[in-house]
Amino acid sequence: MERLKNCKLCPRSCGVDRTAGLRGRCGADGTVWAARAALHLWEEPPLSGTRGSGAVFFTHCALGCVFCQNRQISRQADVGKAVDIQRLSEIFLELEAQGAHNLNLVTGTHYAPQIEAALRLARAAGLHLPVVWNSSGYETVETLRRLEGLINVYLPDYKYYSSYYAGRYSHAADYPETVRDAIDEMVRQTGAPVFDAAGLMQRGVIVRHLMLPGLSGDTAQVLRSIAERWGERVLVSLMRQYTPFEMGGYPELDNKITDAEYSQAVEWMQSLGLSGFVQERESISESFIPSFMGEGVGASAQEAEDSPAPAISNRDKSVFEGGKGKC
């Protein structure tokens with residue numbers, strides 16, 4: 001794990017020696033921590049399908065947004081369970097055995113070398129699922145290029161067009177240009193979206209944009225940027241699920257997205273000719289934030305094989321509408 005010794009996996013480039021037990025800006029040292037590994041039906045329809053996406057939620061995050069919806073695992077130290085590369089590869093195979101349509105790696109940038117090694121082990125052991133890289137979009141092109149050939153579908157955020165908002169809410173004023181370069185690389189690797197006969201995504205890029213209260217103008221700029229730069233080579237997921245929580249020094253974010261704000265954004269998306277997905281109103285709730293108690297992470301491969309697949313509750317359903325055509 002040489003790349004962890006002078007860590008520059010993400011654009012923070014903090015240079016910390018994580019192999020020595022030091023923690024980078026992301027909060028992680030050299031040990032991989034995962035908070036949940038389970039079938040997940042709350043993704044976009046061509047990812048969730050009917051059986052669910054095999055989502056592995058990794059602890060810690062390089063971006064650190066003040067409004068993070070997964071703050072239970074992005075901000076705290078070592079939530080979930082520690083896993084080595086062998087165990088991580090077993091988790092991937094277990095999710096496939098449970099019927100997952102794909103392997104969905106959520107916020108894994110700071111563990112990229114370990115994930116790469118685990119994917120190679122899992123592929124050698126028979127893993128054949130498409131692999132989804134689900135990230136904040138705050139990526140270096142170098143890290144993404146090392147993933148080429150291992151990742152089939154990229155699912156990046158495009159959070160801000162304005163460097164002011166990126167600096168205020170994510171302490172990363174370089175986010176806008178960084179995310180555009182990152183998505184350029186993702187699109188280069190995958191090409192335009194490809195689906196199987198059942199409508200499940202096999203290759204491609206879905207760009208997510210989470211609307212924030214009062215930032216409709218920035219949303220318009222993000223959508224225009226996507227249309228001009230990538231057009232039909234990507235799908236867009238316009239998300240309204242922002243849920244405020246004790247925002248403290250950011251009172252302007254202590255509101256939900258209004259129906260009027262979201263309807264206007266959907267109209268912009270349609271007028272720009274963007275294809276993709278929109279969300280139902282019921283997505284605006286903390287009940288759609290998963291439980292991060294280490295489910296599916298700590299059991300041995302044999303124990304997982306002997307246990308039944310986790311049941312899917314009534315609320316485990318997609319909150320997205322749309323498909324391969326216009327939203």
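A donor-acceptor contact closer than 3.5 angstrom links the side chains of His209 and Thr219. Ser53 and Asn102 form a side-chain donor-acceptor contact under 3.5 Å, judged by distance and modelled atom types alone. In this model, a donor atom of one side chain and an acceptor atom of the other lie less than 3.5 Å apart for Thr109 and Glu139. Checking Asn152 against Trp133 by side-chain atom types alone, no donor-acceptor pair falls below 3.5 Å. No side-chain N or O of Gln69 forms a donor-acceptor pair with one of Gln241 less than 3.5 Å apart. Of the N and O atoms on the side chains of Glu94 and Gln98, not one donor lies less than 3.5 Å from an acceptor on the other residue. Under the 3.5 Å distance criterion, with hydrogens and angles disregarded, a donor-acceptor pair is assigned to the side chains of Tyr169 and Glu252.
The backbone N or O of Asp184 sits nowhere less than 3.5 Å from a side-chain atom of Arg229 that would complete a donor-acceptor pair. Remark: the backbone N or O of Thr258 is paired with a side-chain donor or acceptor of Glu261 at under 3.5 angstrom. With Arg18 contributing its side chain and Gly30 its backbone, the two residues share no donor-acceptor pair below 3.5 Å. Panel note: side chain Thr143, backbone Thr140; no donor-acceptor pair is recorded below 3.5 Å. Side chain of His101 to main chain of Leu200: no donor-acceptor pair is present (N/O by atom type, distance under 3.5 Å, no hydrogens or angles). Ser263 places a side-chain N or O within 3.5 Å of a backbone atom of Asp259 that can act as its donor or acceptor partner. Judged by distance alone, the side chain of Asp29 and the main-chain N or O of Leu22 form no donor-acceptor pair under 3.5 Å.
Using a 4.5 Å cut-off on side-chain heavy atoms (C-beta onward), Pro213 and Lys256 make no contact. At a threshold of 4.5 Å between non-hydrogen side-chain atoms, the residues Ile115 and Leu105 count as touching. In this structure, the side chains of Arg120 and Leu150 come closer than 4.5 Å at one or more pairs of heavy atoms. For the pair Val236 and Leu223, the minimum side-chain heavy-atom distance is below 4.5 Å. Looking at heavy atoms from C-beta onward, Val56 lies in side-chain contact with Phe92 at the 4.5 angstrom threshold. No side-chain heavy atom of Pro130 sits less than 4.5 Å from a side-chain heavy atom of Met201. Within the 4.5 Å cutoff, the side chain of His171 has heavy atoms near those of the Val66 side chain. When side chains are defined from C-beta on, Thr107 does not count as touching Leu63, because their heavy atoms never get closer than 4.5 Å.
When all heavy atoms of Gly99 and Leu39 are compared, the closest pair comes out as C-CD2, 4.5 Å. Between Pro156 and Val205, the shortest heavy-atom contact is CD-CG1, 3.9 Å. Pairing each heavy atom of Ile226 with each of Val234, the nearest pair is CG2-CG2, 3.8 Å. Contact between Thr31 and Ala82 at its shortest, heavy atoms only, is CG2-CB, 3.7 Å. Nearest heavy atom pair, residue Trp268 against residue Ser216, reads CZ3-O, 3.3 Å. Between Tyr262 and Met211, the closest heavy-atom pair is CD1-SD, 3.6 Å.
Distance check: Leu119 CG to Gln114 CD gives 12.0 Å after rounding to the nearest 0.5 Å. Interatomic distance, CZ of Phe67 versus CE of Met247, reported as 8.0 Å (0.5 Å rounding). Interatomic distance, Tyr154 OH to Ser135 OG, rounded to the nearest 0.5 Å: 9.0 Å. If you take CG on Asp218 and CG on Leu212, they are separated by 8.5 Å, rounding to the nearest 0.5 Å. The line from CZ of Phe195 to CD of Gln202 is 9.5 Å long, rounded to the nearest 0.5 Å. Distance OG1/Thr190 to CZ/Arg233: 9.5 Å, rounded to 0.5 Å.
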Point to revise | Derivation of the salt bridge (charged side-chain N to carboxylate O under 4.0 Å, His left out) call for Glu116 and Arg146 | key: CA-CA 8 Å; Glu116 291 167 28; Arg146 287 177 175 267; 5.3 Å; no
Review point. Between Arg23 and Val16, does a side-chain contact (heavy atoms from CB on, under 4.5 Å) hold up when you go through it step by step?
Key: CA-CA 7 Å; Arg23 294 181 183 270; Val16 165; 6.0 Å; no
Practice item. Take Ile183 and Val179, measure what side-chain contact (heavy atoms from CB on, under 4.5 Å) needs, and give me the verdict at the end. Key: CA-CA 6 Å; Ile183 296 174; Val179 75; 3.9 Å; yes
Exercise for review: Test side-chain contact (heavy atoms from CB on, under 4.5 Å) on Phe277 and Ser237 and set out the steps.
Suggested key: CA-CA 5 Å; Phe277 314 93; Ser237 183; 4.3 Å; yes
Exercise for review: Applying side-chain contact (heavy atoms from CB on, under 4.5 Å), run through Val131 and Arg123 and close with a yes or a no.
Suggested key: CA-CA 11 Å; Val131 178; Arg123 290 291 191 203; 3.2 Å; yes
Exercise for review: Evaluate salt bridge (charged side-chain N to carboxylate O under 4.0 Å, His left out) for Glu142 paired with Lys8, printing each intermediate quantity in order.
Suggested key: CA-CA 10 Å; Glu142 179 182 356; Lys8 296 183 179 179; over 6 Å; no
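Cluster annotation: Tyr242 and Phe245 are assigned to the same hydrophobic cluster (Ile/Leu/Val/Met/Phe/Trp/Tyr, side-chain heavy-atom contacts under 4.5 Å, transitive). Using a 4.5 Å cut-off between side-chain heavy atoms of Ile, Leu, Val, Met, Phe, Trp and Tyr, with links allowed through other members, Leu155 and Val194 fall into different hydrophobic clusters. Connection of Ile151 to Leu121 is not established within any shared hydrophobic cluster, with ILVMFWY side chains joined at heavy-atom distances below 4.5 Å, either directly or through further cluster members. Under a hydrophobic-cluster definition in which Ile, Leu, Val, Met, Phe, Trp and Tyr are linked whenever side-chain heavy atoms come within less than 4.5 Å, directly or via other members, Ile85 and Val106 are assigned to different clusters. Follow the hydrophobic side-chain contacts under 4.5 Å out from Tyr111 and you never reach Met1; the two are in separate clusters.
A distance of 6.0 Å or more separates the ring centres of Tyr160 and Tyr165. The distance between the ring centers of His110 and Phe58 does not fall below 6.0 angstrom.
Between Arg145 and Glu148, none of the side-chain N atoms (NZ, or NE/NH1/NH2) sits under 4.0 Å from a carboxylate O, so this pair counts as no salt bridge. For the pair Arg208 and Glu44, the salt-bridge criterion is met [side-chain N within less than 4.0 Å of a carboxylate O].
More than 12 heavy atoms of other residues, nucleotides or ligands shown are found within 6.0 angstrom of CZ on Arg12.
Taking the six-membered ring where tryptophan is involved, the planes of Tyr138 and Tyr175 are essentially parallel, since the angle between them stays under 30° and well short of 60°.
A cation-pi arrangement is found for Arg180 relative to Tyr161, the charged atom lying closer than 6.0 Å to the ring centre and inside a 45° cone about the ring normal.
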